[in-house]
Every structure is written in C-alpha cells, then in structure tokens.
Amino acid sequence: MTRIRKAVIPAAGLGTRFLPATKAIPKEMLPIVNRPAIQLIVEEAAACGIEQVIIITGRGKTELVDHFDAHPQLEDTLRRQGKDALLNEVLRTTDLARIVTVRQQRPLGLGHAILCARDLIDGEPFVVFLPDDLIDADPPAARQLIDVYERTGKSVLALMEVAPEAVSSYGIAAGQTRPEDDRLIDIDTLVEKPPAGEAPSNLAVVGRYVLSPRIFDYLSQTRPGRGDEIQLTDALARLALNEGLIGDRFTGSRYDAGDMAGYLLANLNWARKEPRLWRKVKRWLAENE
Ligand code: G1P
C-alpha cells in the first residue's frame with residue numbers, strides 16, 4: 001500500500017465571515033493563541049507523517065507562504081538577543097513540511113480547489129485538511145483516518161454527530177456501521193448541506209479526508225451543485241458508490257474556526273494548554289461571569 005506523504009489544504013476563500021479582520025490578511029492567518037490557524041493544520045499534517053503540503057491559494061494569500069518560509073533577518077536578531085525559545089519557535093515553522101502552492105484561478109467551489117492539486121498529487125493517495133476545522137485529538141484526527149485507510153485500503157473521511165438543526169451546514173453521510181468496529185461506517189449516501197428534515201442522518205462530515213487519487217476523475221466530472229459550486233461531497237458520493245468510502249467517527253474535539261464563537265472557543269481550548277495564560281483567563285472569567 002502506498003504510504004501517504006502528501007496533503008492538500010484548500011485556503012483560497014475570502015473569509016467574509018471575519019470581515020473587516022480579513023480585509024488585508026488571510027483568515028487562515030488569524031491566531032489561535034500565538035500560532036496562526038494554518039500552522040495548527042500544518043503541524044497536524046506533520047505529526048501524521050505528511051512531507052509535502054499543497055496549499056491552494058488565491059489573490060491576497062501570500063502571507064500563508066511567507067509564514068512557512070525562512071526569515072534570516074528575524075532569526076539573526078533573535079539569535080543575537082539570545083531569545084532561544086522564540087528562535088526555535090520561528091525555526092520550527094520552516095521545518096514542518098515542504099510547502100507548495102497552487103492558485104485557484106476562480107472561486108468555483110471546494111471540489112474545484114482540490115482538483116487544482118491533481119498534477120502535484122501525481123497519482124498518490126493524500127489527505128485533505130480543511131483549515132476551518134481545528135481538531136484537538138490524540139492521536140491527531142488525520143492520523144486516525146490514515147490508520148483506517150491503512151487497514152482497509154479505502155478512502156476515509158471524518159464524521160461527527162451534530163444537532164438536527166445543524167445538518168444544513170455540513171455534508172451529511174449515512175450508511176452501514178461495521179459490525180467489527182462501530183466507529184466505522186460504510187457510506188452509501190452523502191449529501192451536501194441538506195435542509196433540516198431532509199438529511200439522511202445527523203452524521204456530519206468534518207474537514208479531514210484520506211482520498212484515493214481516483215477522486216480527481218470524479219471531481220473532473222462533477223457539475224456545480226449546492227451554491228452553484230463544484231462540491232467535493234458530490235464527487236465523494238460517486239466514489240462511495242463505485243469504490244467504497246468509510247466514515248470514521250474520530251475521537252477528539254473539533255472547533256469551527258470559520259465561525260466567530262468556534263474561533264473564540266478554539267482560542268480558549270489552546271490557551272488552556274498554557275498554564276500561566278490559562279490562570280489569567282480563568283480569573284477573568286470568574287470575575288466577569
Ligand atoms: C465544507 C464541506 C462540508 C463539510 C464542512 C466541514 O463546507 O463542503 O461537506 O461538512 O466543510 O467543515 P464549508 O464549511 O466549507 O461550507
């Protein structure tokens with residue numbers, strides 16, 4: 001079985017939900033404590049053994065690439081000042097993975113964004129990370145999916161139960177639970193953002209996918225769907241029917257960094273890992289409740 005070495009991060013969106021903060025900086029650069037959200041995603045990829053990360057970008061996204069590039073002037077200054085801890089943090093950003101970018105020329109949808117990586121993926125299985133979905137999990141969520149892929153040889157996506165009124169914000173999957181492992185579902189139905197009441201289940205697709213390169217054939221045949229965009233979910237529905245697709249109810253906490261409350265909660269979650277910072281946050285919360 002081909003080892004998974006490549007990942008795709010679609011990051012071409014305009015981030016309109018965070019305007020005006022995202023007028024001049026990409027939404028993926030908004031910080032979660034002291035790291036931009038995209039760094040958390042690339043760190044998850046690196047922790048899963050990913051060596052090459054293909055970021056799908058658009059106009060106004062150059063900071064994403066700068067962030068993972070070396071910055072000799074800053075490094076020299078930190079070195080001279082003896083700020084070793086900060087220097088290591090800065091150096092680490094350049095060592096996580098090889099970053100390459102492709103520009104999505106037109107905003108034709110998530111499916112189209114993934115299709116832009118076809119040549120660079122070059123026939124290998126790969127992981128897709130949606131950068132709005134920040135997942136705190138051990139092992140990392142994508143690692144959990146790769147394990148399922150390695151056991152089954154099939155494409156895998158992450159699933160999470162959501163409230164019935166939330167189904168219209170997600171791709172929704174349904175299928176048969178595997179008797180030997182009730183975390184896994186053989187998916188036979190996938191619908192992008194169904195209206196509440198018409199969803200086949202309340203199992204939502206979360207932004208981690210391990211995909212066979214054959215997804216590109218399906219994507220190239222997929223016509224615009226929900227929102228008049230080429231949807232990854234529609235191509236996955238065809239992949240599920242023809243080759244099989246597994247849903248993994250992964251373990252971990254997922255934060256929707258594309259939503260204001262989710263973004264703030266993600267900050268609190270990662271702040272909790274810094275004892276000195278967390279003590280101050282807790283004190284503030286206690287005083288202001
Ligand atoms: C995308 C996918 C959707 C998935 C969601 C997870 O939607 O199209 O199927 O459930 O990510 O976050 P978006 O939130 O980008 O509109």
Side-chain angles (χ1 to χ4, degrees), residues 4-18 21-32 35-71 89-135 140-143 145-146 157-158 206-211 213 215-216 219 229-232 235 255-258 263 266:
I4 298 199
R5 306 180 305 135
K6 296 181 183 177
V8 177
I9 305 179
L14 291 176
T16 44
R17 280 195 278 176
F18 278 82
T22 48
K23 190 177 162 206
I25 55 163
K27 69 169 173 174
E28 298 82 6
M29 286 302 291
L30 294 177
I32 304 297
R35 288 173 294 172
I38 188 96
Q39 186 178 331
L40 269 67
I41 299 286
V42 173
E43 283 180 10
E44 180 183 336
C48 296
I50 298 293
E51 295 162 9
Q52 186 185 80
V53 172
I54 300 157
I55 305 182
I56 312 299
T57 64
R59 196 164 286 280
K61 295 279 183 165
T62 46
E63 286 91 343
L64 289 180
V65 187
D66 289 346
H67 182 70
F68 296 103
D69 194 8
H71 191 333
E89 286 287 331
V90 168
L91 291 175
R92 216 165 63 82
T93 57
T94 61
D95 293 339
L96 288 168
R98 275 195 324 280
I99 307 282
V100 259
T101 58
V102 188
R103 278 213 186 194
Q104 185 185 19
Q105 301 290 338
R106 287 188 169 67
L108 299 179
L110 176 59
H112 177 260
I114 304 299
L115 192 51
C116 293
R118 184 178 205 162
D119 288 349
L120 286 163
I121 291 295
D122 197 21
E124 295 185 27
F126 63 104
V127 187
V128 172
F129 292 80
L130 301 190
D132 276 350
D133 283 319
L134 300 177
I135 304 179
R143 181 70 250 171
L145 268 53
I146 294 171
L157 49 72
V206 174
R208 299 292 182 276
Y209 312 75
V210 176
L211 298 178
I215 191 66
F216 293 118
L219 280 170
E229 294 187 339
I230 296 173
Q231 296 291 350
L232 176 60
Y255 298 88
D256 180 3
Y263 172 75

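Values in this document were obtained by computation on a predicted structure and should not be read as measured data.
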For this session: Answer yes or no: is there a side-chain heavy-atom contact under 4.5 Å between I9 and I38?
Result: yes
For this session: Taking the side chain as every heavy atom from C-beta outward, state whether K6 and L120 have any atom pair closer than 4.5 Å.
Result: no
Exercise. Do any N or O atoms from the side chain of E44 and from the backbone of A142 form a donor-acceptor pair under 3.5 angstrom?
Worked result: yes
Exercise. In Å, rounded to the nearest 0.5 Å, how long is the span from CG of L115 to CD1 of I215?
Worked result: 10.0 Å
Seminar exercise, completed: Nearest heavy-atom contact between V8 and P10 is O-CD, 3.7 Å
Problem set entry | Exercise: identify the closest heavy-atom pair between P213 and G123 | CG-O, 3.2 Å
Exercise. Which heavy-atom pair separates I32 from A266 by the least distance, and what is that distance?
Worked result: CG2-O, 3.8 Å
Exercise. Any side-chain heavy-atom pair from D132 and K27 closer than 4.5 angstrom?
Worked result: yes
Exercise. Quick one: ring-ring contact (aromatic ring centres under 6.0 Å, His included) partners of F68, sequence neighbours excluded?
Worked result: none
For this session: Look at R92 together with E43 and state whether they make a salt bridge at an N to O cut-off of under 4.0 Å.
Result: yes
Exercise. Can you check whether G15's main-chain N or O pairs, donor with acceptor, with T22's side chain at less than 3.5 Å?
Worked result: yes
Problem set entry | Inter-residue atom distance L110.CG - L232.CG, 0.5 Å rounding | 5.0 Å
Problem set entry | Residue pairs fulfilling salt bridge (Lys or Arg N to Asp or Glu O under 4.0 Å) with at least one residue in residues 51-68, sequence neighbours excluded | R3-E51, R5-E51, E28-K61
For this session: Find out whether D119 and V102 are in side-chain contact, i.e. whether some heavy atom of one side chain is under 4.5 Å from a heavy atom of the other.
Result: no
Exercise. Just how far is it from atom CD1 of I25 to atom CG of L64, taken to the nearest 0.5 Å?
Worked result: 10.0 Å
Problem set entry | Within-4.5 Å side-chain heavy-atom neighbours: L96 and Q39 | yes
Exercise. Does CG in L14 sit with more than 12 non-hydrogen atoms of other residues, nucleotides or ligands closer than 6.0 Å?
Worked result: no
For this session: Kindly indicate whether the side chain of V127, heavy atoms from C-beta on, has any atom under 4.5 Å from the side chain of R143.
Result: no
Exercise. Between atom CG of D256 and atom CZ of R17, what is the distance when rounded to the nearest 0.5 Å?
Worked result: 5.5 Å
For this session: Measure across A97 and V42 and return the closest heavy-atom pair with its distance rounded to 0.1 Å.
Result: CB-CG1, 4.5 Å
For this session: Provide the closest heavy-atom pair for P131 versus L134 in the form atom of the first, atom of the second, distance.
Result: O-CD2, 3.8 Å
Exercise. Could you state the interatomic distance from SG (C48) to CD1 (I4), rounded to the nearest 0.5 Å?
Worked result: 9.5 Å
Exercise. Does any N or O in the side chain of R208 come within less than 3.5 Å of the main-chain N or O of A158, such that one atom is a donor and the other an acceptor?
Worked result: no
For this session: Measure the NE2-OG1 distance between H67 and T62 for me, rounded to the nearest 0.5 Å.
Result: 13.5 Å
Exercise. Heavy-atom distance under 4.5 Å between the side chains of I114 and I56, does that happen here?
Worked result: no
For this session: List for me each residue that meets side chain to side chain contact (heavy atoms under 4.5 Å, CB included) alongside Q105, sequence neighbours excluded, and say none if there are none.
Result: R103
Problem set entry | Least distance between heavy atoms, I55 atom then A11 atom | CG2-CB, 3.9 Å
For this session: Give me the ring orientation class for F216 and F126: parallel if the planes are under 30° apart, tilted from 30 to 60°, perpendicular past 60°.
Result: parallel
